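Notes to accompany the following structure.
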Amino acid sequence: MMKLTAKIMMAPAMALFLVASAAHGEPALFPKGELSTTRNHTGDIWLKELNVGDDVFDPSIAVADYGPGAKLDWHIHPGGQVLVITQGTGYYQEKGKPARLVHKGDVIKSAPGVEHWHGATPSSDFSYFAVTPTQKGKTVWLLPVTPAEYQHAAAQ
């Protein structure tokens with residue numbers, strides 16, 4: 001358990017390293033992942049899984065890169081999720097709440113079981129480092145974000 005806690009605590013430090021490297025014009029610590037072909041998003045999203053959660057090291061750890069206007073569908077993380085924004089500007093919205101504009105350096109904590117979506121603004125790339133506990137189950141995908149919901153987020 002101590003090793004797992006140490007690894008989870010190291011994740012934000014790794015994310016800060018990513019931010020600092022990008023700020024100094026250095027290449028990203030992790031290269032852009034594979035272009036996603038799943039049907040749970042709109043637009044171009046590249047994903048690089050750094051750790052797939054398992055019985056020994058629970059959290060899934062990934063780096064995601066979004067093209068302008070790309071967004072995930074509404075979804076739930078049974079174990080919650082922490083996002084550390086490493087590049088660009090995006091939106092984060094929980095069901096029933098106003099969308100938030102998020103920027104490089106912001107940390108988003110999505111509580112377990114909370115329906116939400118996140119994505120890039122229409123004019124900016126958007127990247128983050130995600131830590132997603134998997135002990136309570138994998139991501140539950142819901143309905144796509146409608147054009148009206150996305151436009152409302154942009155207007156706020």
Side-chain angles (χ1 to χ4, degrees), residues 4 7-9 11-12 14-16 18-19 22 28-55 57-156:
L4 175 59
K7 287 197 180 282
I8 291 171
M9 292 177 70
M14 290 172 50
L16 291 175
L18 287 171
V19 171
L29 180 60
F30 300 105
K32 203 177 248 188
E34 297 292 321
L35 184 62
S36 176
T37 58
T38 62
R39 297 180 186 209
N40 56 17
H41 64 85
T42 303
D44 290 337
I45 299 176
W46 294 264
L47 184 65
K48 175 114 179 130
E49 295 242 31
L50 305 177
N51 183 68
V52 177
D54 59 29
D55 292 342
F57 299 103
D58 175 62
S60 168
I61 302 173
V63 176
D65 296 292
Y66 292 54
K71 61 195 172 299
L72 292 180
D73 294 349
W74 287 97
H75 60 283
I76 294 169
H77 301 289
Q81 184 180 59
V82 175
L83 301 177
V84 179
I85 312 307
T86 58
Q87 177 185 321
T89 305
Y91 304 119
Y92 172 83
Q93 183 176 18
E94 294 180 355
K95 196 69 160 185
K97 295 183 179 179
R100 294 170 43 192
L101 190 62
V102 295
H103 307 277
K104 179 179 172 179
D106 288 346
V107 176
I108 307 300
K109 294 179 183 177
S110 180
V114 172
E115 186 174 342
H116 68 282
W117 69 272
H118 34 93
T121 64
S123 60
S124 178
D125 290 338
F126 178 60
S127 300
Y128 58 75
F129 182 76
V131 179
T132 311
T134 59
Q135 78 276 9
K136 294 182 180 177
K138 294 185 177 189
T139 303
V140 177
W141 294 103
L142 304 168
L143 297 173
V145 173
T146 67
E149 288 170 324
Y150 185 77
Q151 289 168 358
H152 187 68
Q156 293 182 20

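Quick caveat, the model's predicted, so the values are computed rather than measured.
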Q: Kindly compute the distance separating OG1 (Thr86) from CG (Asp106), expressed to the nearest 0.5 Å.
A: 11.5 Å

Q.
Under 3.5 Å, is there a donor on one side chain and an acceptor on the other for Gln81 and Thr132?
A. yes

Q: Report the C-alpha separation of Trp74 and Glu149 in whole Å, then their side-chain angles, then the decisive distance to 0.1 Å, and conclude whether the side chain to side chain donor-acceptor pair (under 3.5 Å) test is met.
A: CA-CA 11 Å; Trp74 287 97; Glu149 288 170 324; 3.1 Å; yes

Q.
Within the 4.5 Å heavy-atom criterion, are Ile76 and Leu142 side-chain neighbours or not?
A. yes

Q: Give the minimum heavy-atom separation between Ile85 and Gly88, together with the two atoms involved.
A: CG2-O, 4.3 Å

Q | From OG (Ser127) to CD1 (Ile45), nearest 0.5 Å | A | 10.5 Å

Q. Does atom NZ of Lys95 have more than 12 heavy-atom neighbours from other groups under 6.0 Å away?
A. yes

(Q) So that I know where these two stand, are Tyr128 and Tyr66 an aromatic pair - ring centroids less than 6.0 Å apart? (A) yes

Q: Would you indicate whether the side-chain heavy atoms of Pro98 and Gln93 approach each other to under 4.5 Å?
A: no

(Q) If you count heavy atoms of other groups shown closer than 6.0 angstrom to CG of Leu35, is the number above 12? (A) yes

Q. OG of Ser60 to CD of Glu49: how many Å apart, nearest 0.5 Å?
A. 4.5 Å

Q: With side chain to side chain contact (heavy atoms under 4.5 Å, CB included) as the test, would you mind laying out the steps for Tyr91 and Trp117 before giving the verdict?
A: CA-CA 8 Å; Tyr91 304 119; Trp117 69 272; 3.7 Å; yes

(Q) Show the nearest heavy-atom pair for residues Phe126 and Ala120, with the distance to one decimal. (A) CB-CB, 3.5 Å

Q: Provide the closest heavy-atom pair for Pro112 versus Pro78 in the form atom of the first, atom of the second, distance.
A: CB-O, 3.2 Å

Q. Any side-chain heavy atom of Leu143 sitting closer than 4.5 Å to one from Asp73?
A. no

Q: Output, in order, the C-alpha distance, side-chain angles, deciding distance and verdict of side chain to side chain contact (heavy atoms under 4.5 Å, CB included) for Val102 and Ile108.
A: CA-CA 8 Å; Val102 295; Ile108 307 300; 3.4 Å; yes

**Q.** Flag, side chain of His103 to backbone of Gly105, donor-acceptor distance under 3.5 Å
**A.** no

Q: Would you give the length of the straight line joining atom NE2 of His41 to atom CG of Leu47, rounded to the nearest 0.5 angstrom?
A: 9.0 Å

Q | Side-chain donor or acceptor of Asn51 paired with backbone N/O of Pro59 under 3.5 Å | A | yes

Q | Validation row: Tyr150, Lys71 side chains within 4.5 angstrom (heavy atoms) | A | yes

Q: Evaluate the side-chain proximity of Val82 to Val107: yes if any heavy-atom separation is below 4.5 Å, no if none is.
A: yes

Q: Please tell me if the side chains of Phe129 and Leu50 come closer than 4.5 Å, counting only heavy atoms from C-beta onward.
A: yes

Q.
Please identify which of these residues, Asp44, Thr121, Asp125, Thr89, meets the side-chain contact (heavy atoms from CB on, under 4.5 Å) condition with Pro68.
A. Asp125

Q | Pairwise distance CG(Asp65) to OG(Ser36) - rounded to 0.5 angstrom | A | 12.0 Å

(Q) Going by the rule ring-ring contact (aromatic ring centres under 6.0 Å, His included), which residues pair with His116 if we only count those two or more places apart in sequence or in a different chain? (A) His75, His77, Tyr92, His118

Q. Are Glu34 and Trp46 close enough that some pair of their side-chain heavy atoms sits under 4.5 Å apart?
A. no

